Amino acid sequence: MLSKTRISDPELYGLVCEELDRQEHNIEMIASESTAAVELMELSGCVFTSKTTEGYPGARFQAGSQVADKMEQLGNARARALYGAEHANLQPYSGSTANYGVYAAVLEPGDRVLGMRLDHGGHLTHGGSANFMSKFYDFIPYGLNRETELIDYEELERLAHERRPKLIVAGGSAYPRLIDYGRIAGIARSAGALLMVDMAHIAGLVAAKVIPSPVPHADFVTSSTTKTLCGPRGGMILCRAEHAKALDRGVFPGSLSSIHLNIMAAKVWMFQYAASDAFRATMEQVVRNSRALVGELTRHGFRVIGGGSDNHIVLVDLRSKKITGKLFQDALEYVGITVNKNMIPFDAEKPSVTSGVRIGTTAVSQRGLKEPEIVRIAELMARVADAPEDRAVLDACRADARVLIADFPLYPAECAP
Ligand code: DSN
């Protein structure tokens, strides 16, 4: 791969090599990341890149779209089969634009929407004040119960009945436990609201049937395709047949234009892979690794938000260690363990500092790391937390981290990009 770029743009080629080297030698634990299969990179750069098309199969705005039609139909069929969904739309460019597609399909300016607070584990596009959606719609936030650190379903129900939203949005980007979709669907029905579940983070675990699916409960299910689903950087939406027409209009022309057919091709491959036994085994290991990490971090004196993890996310409260999320993130990065600082519920720190970190187990599980390696990673994290500014300790941890990850190549030697 990149044999032409190496000649035509050595400077850029060098940066790609540098990034490959970084990924190869670091322990990547950003919860929204996965490692792209070689096929995903091949397909993301395939000839579909050159084709412009808008609209839907059989009703395009550009000629020459017959092959694109077949490809999109194949992908839609695979997505529907994988998730048991009545309708699929693979055109969104990302999880965020998937959410915009649903909003465009069902909301009018000023409509009310209930979404989980960003600082309690929701997402910017669920009503975050910095996101431009909040200028158009009347977002009302719900959050977590202070004691359990689980979704406060009573508050959600009360808000739904008092504020009568048109749409309830469930799901988030830093929620480590299962969500009771049946309960939220019941609340939505009783309040006359539609339900959208954003399963961006957990789409792979759902596909592998390792955790419960929101699809039977929700009117719309949105997702990015790059997190636990381990696909390309893109998005998708599933919905009930009754909403199919409105949804498709909400995506195109409602919120997006021409399709990224090359990325769509990679999604089509991803759906086939996500139906395989190998993928299921990886997803099972993702959850086992998260649970092992919870156990080990707790043993080392960290406090885990929500009392544990049912998915790929471990959200850690660092206050018992008397360090901030930023300091811990930066110290771990130096050591070669990549995580991100993250607000914890009712956090007193600023978003740029935070009292927590979010750790994800998808990419390390893809590389083959299992519980024994998680024990070693947790121990490294504990050593770093105890001396985050001691260069000698960090250097020793860095050496140990490199030894640990060296046994788990990122790509087989014969197909390294
Ligand atoms: N929402 C961001 C995250 O979860 O990291 C990006 O996808």
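Ligands are counted one by one from 1 in listed order, and the atoms in each one are counted from 1 as well. Worth saying up front: this structure is predicted, and the values here are computed from it rather than measured.
- The distance from ligand 1 to the heavy atoms of Ser173 drops below 4.0 Å at these ligand atoms: 4 (O).
- Seen from the ring of Phe346, Arg146 counts as a face-on cation partner, given the 6.0 Å and 45° thresholds.
- For the pair Arg398 and Tyr334, the distance from NZ or CZ to the six-membered ring centre is under 6.0 Å and the angle to the ring normal is within 45 degrees.
- At least one heavy atom of Lys227 lies less than 4.0 angstrom from ligand 1.
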Exercise for the section: Before giving the answer on salt bridge (charged side-chain N to carboxylate O under 4.0 Å, His left out), spell out for Glu284 and Arg280 the whole-Å C-alpha distance, their side-chain angles and the decisive distance to 0.1 Å. Expected result: CA-CA 6 Å; Glu284 286 170 345; Arg280 185 188 170 103; 3.1 Å; yes
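- If you look at Arg233 next to ligand 1, there are no close heavy atoms at all, none under 4.0 Å.
- Interface atoms of ligand 1 facing His201, defined by a heavy-atom separation under 4.0 Å, are 3 (C), 4 (O).
- Checked against Tyr175 for a side-chain contact (heavy atoms from CB on, under 4.5 Å), the options Ile313, Leu144, Leu315 give a single hit: Leu144.
- Annotation: cation-pi geometry not satisfied between Lys321 and Phe328 (NZ/CZ under 6.0 angstrom from ring centroid, within 45° of ring axis).
- Among protein heavy atoms, atom 1 (N) of ligand 1 sits closest to His123 NE2, 3.0 Å.
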